[in-house]
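Okay, structure first, notes after.
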Amino acid sequence: MIPSRVLTLTGLVASIGSLPIGPTAAQPYELTATWMEAAPIIDGHLDDAAWSTVPIMTDFVQVWPDEGSPPTEHSEVQIGYNQNFLFFAFRFFDGEPRLIRAKNLERGGRNDRDDHAYISLDTYLDRRNAYLFEMNALGTQDDATITDEGLTLDSFSWNAVFRSETVIDDKGWTMEVSIPFRQLRFPKADSLDFGLMLSRMINRKNERVIWPPIGLEFGGQFGVLSAVSQYGVLKGLTNIRRGRNIEIKPYVITGLQQAGNLNPALPLENTFERDLGVDFKYGITSNLTLDLTVNTDFAQVEADNVQLNLTRFNLFFPEKREFFLERSGLFEHGILRATQTFFSRRIGLSEQILAGSRLTGQIGRISVGLMNIQTGENFSKIIDNETRNNAVARIRTTLFPRATAGAIFTSLTGPELSNQAYGVDAQYRFWSASEIDLWYTRVDDRDPELSDAAGRASLTLENERYGLALDFTSVGANYHPALGFVRRRDMRSYSAEGQFTPVVSWDFLPQVRRIMVATEVEYIESQAGERQSEEFELNAGVAFNRRDNIQIGYSNQFERLERPFNIRNDAAIAAGDYRFGQWELEGQTDSSRRLFMEAGIGTGQFFNGSRFDITGSVGFRQSRFLQLEGTVDYSRIDLPITGGRFDATTLSLSILAAASRKLFATALVQYDNFSRDLQANLRVDWIHTPGSDLFFVFNTAYNFPEPEHRFDPHTSVLLTSRIAVAKLTYLILL
């Protein structure tokens, strides 16, 4: 039963002032770093004399599957430092070392499928932001920035330059890590304390251990990683040398592009290009970093996954460009992937980024982010005033522990174009993972038809067993932030959702570890109060001990179309009211296994017709040198309209091949039956020195004939584009 205080909003507000709002005043979880006269050799072997005088910490506890219990495998850590580096030495014992999962060699790849460890550092000790370092049992790295105790997949886009080496032996595995202080930002002081979290994942057991103990109520076994307010403290850091904090990263690029069209009588057009540019990073102070880019190029960026749109709303394609991803969490405002005040993908996809600057950091309790980017055809257009200026300013400040407030400003100006957005937001986290979230944005455009406002107020009450969320969102009919993303306009949405996710231990079914029951109700009306949409969802599922899971769900949906909706070019759904229900069953196996899979099936009504969906994927981790994953999404639509019977199919195959942690290649092959395009993207990355890469990128696309002409001897498969690019970057540290 949900406690009465959860259900009573008045009681909640009245009690907030008496709740603990952060770590207790007496923080019992502390470690002291040891000064090291001689730096250890970072090779994964712990027999270096430098470690002989450094104390060993062993106080890890389980957070999953048996919260608070001793780990099933022993873990040890030592922490040292000198003027330039922070050092960690780990000994992870394992009774069955041959079963240690260690196959990912791709930097920034799927370390979560291997045995791995995390180091998280709250360098300002502000209890809300942190740097996260991830290493698997092969030493393969990934890293992230935690913003306001939030951690998403996009957070793992930060690329730090640090060292990690491992050794797998007959006792388990060992790891040494060296983190340069120049990669971190922290206050200027003679003696510093950092917030600290350490975690180990024993993958085959689905067991996570952690220091300090952080409960599942802080977001589950993944959420505890970002619960910065609950971190321990690393003490004793003195006389740290920050360096000049200057990084220069020039690039040179050359490539050939062949572009065709759907007329086989016309030859391909060949274009040979070569260019150069530079990125510059300067630590203005210990707290502020300036990034400059000139003639920015993103040729090495991986391809987007193909999506077919069977709705009347915009699709979202995530940002993948490094310049925009670093510290991207600081610029977040609004509802991610739905109503974002700032969406960096609006910048530079249709025209070149000529030059840009970004200033990020912290001034006292205030986090600051400023971005200014000029886009256009070429530099000569700047003189002619024929380019666009894209500007963003963001600030966030701590009001009191676990409470923040902020503001954002975006501006897009150019020839006959002027669009500005002004936003404010506030967030308060309390109890464990509960929070109140508020934001509001106003857009002013030269065209009054593009000027309006949007906002949201939400309350989330959550712990390890129960969850309740209430949400109100309003988006004006003319809300068009030029640098934002809006999925749906002219709406007021009211929603409530609840969930019950207890951890269970059943003698009659020992394989089950957790059950889940969740429901959601949403009502959407126009700004004039006219009903637009309704949806009711009910889901139930079970999670097994080894991360396998299965769930079933039912949804009942109402949609009012005020105008016809083209689901395909040759098929239009008439305006009117529609109600339909759908069932869905899906399950997946543990993706860290050698062979893993995921499958789902759905069926039900769809706009006075029917819809049948099948999704599936199969992955094969052959070794650390080769991994394959294939995916299929199929929908069979049958509507009582002209052109209403059709299939929607996407197929993809991803391949990861690696020779070492410094040389790996990814390939993505995709096909969809709407465009009938077969696309292939091959990307080879050689990390020739830390932070520096040589990329080879090859993209090609073919178009297949219409189904009715597939066997016509006068039609053929057409090559529509082919691109080959080589790009060299080199990081210079001063």
With sequence neighbours excluded, what pairs up with Y554 under the ring pair (Phe, Tyr, Trp, His ring centres under 6.0 Å) test? W583
Test ring pair (Phe, Tyr, Trp, His ring centres under 6.0 Å) applied to W64 - qualifying residues, sequence neighbours left out: none
Should F331 and H333 be marked as a ring-ring contact (aromatic ring centres under 6.0 Å, His included) after you check the CA-CA gap, both sets of side-chain angles, and the distance that decides it? CA-CA 6 Å; F331 293 92; H333 187 275; over 10 Å; no
4.5 Å side-chain heavy-atom contact, Q551 and M516: yes
Nearest 0.5 Å, please: how far is CZ in R593 from CG in N203? 10.5 Å
Assess the side chains of Q557 and E559: does a donor N or O sit below 3.5 Å from an acceptor N or O? yes
Is NZ or CZ of R568 both nearer than 6.0 Å to the six-membered ring centre of F646 and within 45° of the ring axis? yes
Any idea which heavy atoms bring G484 and R346 closest together, and the distance? O-NE, 2.6 Å
Residues which pass ring pair (Phe, Tyr, Trp, His ring centres under 6.0 Å) with F558, listed by chain and number, not counting sequence neighbours: none
How would you list, by chain and number, every residue that makes a ring pair (Phe, Tyr, Trp, His ring centres under 6.0 Å) with F156, sequence neighbours excluded? none
Checking Q622, R110, R594 against K103 for side-chain contact (heavy atoms from CB on, under 4.5 Å), the one that qualifies is R594
Parallel, tilted or perpendicular: rings of Y118 and H116 (30°, 60°): perpendicular
With sequence neighbours left out, what residues match N539 under side chain to side chain donor-acceptor pair (under 3.5 Å)? none
Determine yes or no for a side-chain-to-main-chain donor-acceptor pair under 3.5 angstrom, with N703 supplying the side chain and S675 the backbone. yes
Classify the ring geometry between Y523 and Y494 as parallel (under 30°), tilted (30 to 60°) or perpendicular (over 60°). tilted
Any donor-acceptor pair under 3.5 Å from D677 side chain to A701 backbone: no
What residue pairs, at least two apart or across chains, pass salt bridge (charged side-chain N to carboxylate O under 4.0 Å, His left out) with a residue in residues 461-471? R456-D471
Checking N104 against N111: is there a side-chain donor and acceptor pair closer than 3.5 Å? yes
Test side chain to side chain donor-acceptor pair (under 3.5 Å), reference S635, set D613, T650, T615, output is D613
What class does the angle between the rings of Y578 and F607 fall in, given that below 30° is parallel, 30 to 60° is tilted and above 60° is perpendicular? perpendicular
Is there a donor-acceptor contact under 3.5 Å from the side chain of R621 to the main chain of Q627? no
Donor + acceptor pair across side chains of R487, T339 (<3.5 Å): no
How close do D142 and G109 get, heavy atom to heavy atom, and via which atoms? OD2-O, 4.2 Å
With no hydrogens and no angle check, is any side-chain donor or acceptor of R429 less than 3.5 Å from a backbone partner on D148? yes
Decide if atom CG of N569 counts as having more than 12 heavy atoms of other residues, nucleotides or ligands within a radius under 6.0 Å. no
Has the side chain of N673 got a donor or acceptor atom that lies under 3.5 Å from a matching backbone atom of T649? yes
Minimum side-chain heavy-atom gap L585-I550 below 4.5 Å: yes
Pick one: which of Q605, R579, E535 meets side chain to side chain donor-acceptor pair (under 3.5 Å) with N556? R579
Minimum heavy-atom separation for G334 to W439, with atom names? CA-CE2, 3.5 Å
Minimum heavy-atom separation for A572 to I641, with atom names? O-CD1, 3.3 Å
Going by side chain to side chain donor-acceptor pair (under 3.5 Å), name the residues that satisfy it together with T501, two or more places apart in sequence or in a different chain. none
Could you state the interatomic distance from OG1 (T631) to CG (L651), rounded to the nearest 0.5 Å? 9.5 Å
Mind checking the CD1-OG1 spacing from I436 to T460? Nearest 0.5 Å is all I need. 9.5 Å
So do the side chains of N206 and N545 get within less than 4.5 Å of each other, counting heavy atoms only? no
Pairs meeting criterion salt bridge (charged side-chain N to carboxylate O under 4.0 Å, His left out) with involvement of residues 581-591, two or more places apart: R101-D590, R547-D590
I'd like to know if E525 pairs up with R531 as an ion pair, taking the criterion as any Lys NZ or Arg NE/NH1/NH2 lying under 4.0 Å from an Asp or Glu carboxylate oxygen. no
Verify whether one side chain among E149 and S226 offers a donor that lies under 3.5 Å from an acceptor in the other. no
Verify, without hydrogens or angle tests, whether S652 (side chain) and V669 (backbone) share a donor-acceptor contact under 3.5 angstrom. no
As an exercise, state the distance from CD1 of I214 to CG of L225, rounded to the nearest 0.5 Å. 8.0 Å
Is there a side-chain contact between R345 and F485 in this structure, where contact means two heavy atoms from C-beta onward sitting under 4.5 Å apart? no
Would you check if the side chain of Q62 reaches a backbone N or O of G68 as a donor-acceptor pair within less than 3.5 Å? no
Taking salt bridge (charged side-chain N to carboxylate O under 4.0 Å, His left out) as the cut-off, I'd like each qualifying pair that reaches into residues 494-523, sequence neighbours left out, listed once. D66-R513
Donor-acceptor contact present, side-chain E96 to main-chain R98, <3.5 Å: no
N136 to T140 - nearest heavy-atom pair and separation: OD1-N, 2.8 Å
Listed partners of S432 passing side chain to side chain donor-acceptor pair (under 3.5 Å), at least two apart: none
With a 4.5 Å limit on heavy-atom distance, are the side chains of V618 and L595 in contact? yes
Which residues share a side chain to side chain donor-acceptor pair (under 3.5 Å) with R624, sequence neighbours left out: none
I want to check something: taking the side chain as every heavy atom from C-beta on, are L626 and L656 in contact at a cut-off of under 4.5 Å? no
Qualifying residues under salt bridge (Lys or Arg N to Asp or Glu O under 4.0 Å), relative to R645, sequence neighbours excluded: D638
Are the side chain of D437 and the backbone of L459 linked by a donor-acceptor contact shorter than 3.5 Å? no
The reported gap from CG in D94 to OG1 in T72 (rounded to nearest 0.5 angstrom) is 8.0 Å
Between CZ on residue R546 and CZ on residue F544, distance to nearest 0.5 Å: 13.0 Å
Closest heavy-atom contact between P481 and Q340? CG-O, 4.3 Å
Verdict with supporting geometry, S526 and R489, side chain to side chain donor-acceptor pair (under 3.5 Å): CA-CA 9 Å; S526 70; R489 297 178 176 86; over 6 Å; no
I want to check something: taking the side chain as every heavy atom from C-beta on, are I210 and V224 in contact at a cut-off of under 4.5 Å? yes
Examine distances only and state if a side-chain atom of Q588 and a backbone atom of M597 form a donor-acceptor pair shorter than 3.5 Å. no
